[in-house]
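Quick notes on the structure that follows.
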Amino acid sequence: MKFKLTRVALATMSLLPLLTACGENGDSANPVVDNNTDNTPKAQSLEVRAIDGYLEGARVWLDVNGNYKLDAGEPSAITGAGGVAKLDVTALGAQSSQFPLLVEAIAGQTIDSDTPESPITQGFVMSAPAGYTVITPLSTLVQQKIASGASKSEAEDAVKNLLQQPDLNPASDYIAQSKSVAAGQAKAMVRLLPATATELSAQKANLEAGAKLLGNVVAEDKANATETDFSVVVFVPGKKPANMALDRDGDGVVDSKDAFPKDKDEWLDTDKDGIGNNADLDDDNDGW
């Protein structure tokens with residue numbers, strides 16, 4: 001006997017895929033509900049790091065309106081171990097990479113990993129260009145040049161030239177990468193940084209002058225330059241950046257007036273015989 005498919009049978013077969021789908025994920029009485037229909041933005045964070053040494057307990061924020069101040073609504077956070085802070089940028093989304101960063105190291109609160117035994121005694125501020133996730137004295141100089149009209153690449157090249165560091169990446173963590181010369185230069189530059197963010201733009205000339213002097217140290221010592229060469233650098237600021245000077249041996253006499261700029265025990269050579277007055281038994285060369 002041959003059977004013919006009726007319209008009812010065909011209709012039933014056409015429902016099988018639909019019934020199977022319901023059976024896999026629910027049933028007709030209790031269908032699966034998509035709970036992600038409220039269009040709530042997913043939480044997003046931006047991880048940044050503040051470095052002189054690694055700065056813990058410093059305030060970091062995105063300067064969305066570019067006024068060098070922390071305003072209501074601007075993402076901000078306090079750095080933790082390793083100088084790391086996570087900024088909640090959910091409201092900004094992908095636009096968060098379009099704004100510069102600022103960090104305030106707070107006297108009596110911020111701890112520098114180089115001197116972890118006590119908080120810093122003098123506060124300072126640093127900045128970094130949009131797109132950076134590391135904030136250092138070097139990134140501060142890059143951002144100041146960008147604020148003056150340079151492109152990011154132009155600003156980075158200028159900083160490399162000033163510091164005599166052609167292979168330097170100003171956006172990098174020079175501590176993690178063991179870039180000791182860059183670390184030494186950065187630590188020296190901290191002494192030129194202002195205490196408040198609003199003073200940063202006014203310090204641009206001083207920062208550049210200081211960077212150039214630090215570059216001169218590298219140019220003189222070349223491959224022999226080490227972080228130690230900058231640990232005793234003293235800036236003597238005057239009314240003009242040109243009045244700034246170096247005292248690399250830390251003897252209290254600036255290099256330009258020191259006959260022995262790398263010897264902390266000597267600074268005068270009265271008789272010009274190449275032996276410092278402290279070691280020269282006849283420093284006036286009169287035979288006595």
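Values below: every heavy atom of this structure, side chains too, minus hydrogens, waters and symmetry copies. In what follows, residues are counted from 1 in the order of the sequence shown. None of these values were measured; they are calculated from a predicted model.
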- prompt: Do Ile111 and Ile51 belong to the same hydrophobic cluster, where Ile, Leu, Val, Met, Phe, Trp and Tyr are linked whenever their side-chain heavy atoms lie under 4.5 Å apart, directly or via other members?
  reply: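 No; tracing contacts between hydrophobic side chains, which count when under 4.5 Å, never links both residues.
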- prompt: Are Val181 and Leu162 joined in one hydrophobic group, where the rule is that I, L, V, M, F, W and Y side chains link up if heavy atoms are under 4.5 Å apart?
  reply: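 Yes, one cluster joins them.
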Does any part of the side chain of [Y], heavy atoms only, come nearer than 4.5 Å to the side chain of [X], both counted from C-beta?
X      : Y      : value
Phe124 : Leu55  : yes
Leu163 : Leu138 : yes
Asp173 : Tyr54  : yes
Glu74  : Asp63  : yes
Lys187 : Asp52  : yes
Leu102 : Ser127 : yes
Val125 : Pro194 : yes

Closest heavy-atom pair and its distance - [X], [Y]:
X      : Y      : answer
Leu62  : Leu101 : CD2-CD2, 3.6 Å
Tyr68  : Trp61  : O-CZ2, 4.0 Å
Ala94  : Gln44  : N-OE1, 4.5 Å
Asp249 : Phe260 : OD2-O, 2.9 Å
Val218 : Gln185 : CG2-NE2, 3.4 Å

query: To the nearest 0.5 Å, how far apart are CD in Gln144 and CG in Asn206?
result: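 Nearest 0.5 Å value for the CD-CG distance: 11.5 Å.
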query: Roughly how far, to the nearest 0.5 Å, is CG of Leu207 from CE of Met126?
result: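 So the CE of Met126 and the CG of Leu207 are separated by 11.5 Å.
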query: Under a 4.0 Å N-O cut-off, is there an ion pair linking Lys204 with Glu208?
result: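 A salt bridge links Lys204 with Glu208.
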field: Main-chain N/O of Asn278 paired with Glu266 side-chain donor or acceptor, under 3.5 Å
entry: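 Yes, Glu266 side chain to Asn278 backbone: donor-acceptor pair under 3.5 Å.
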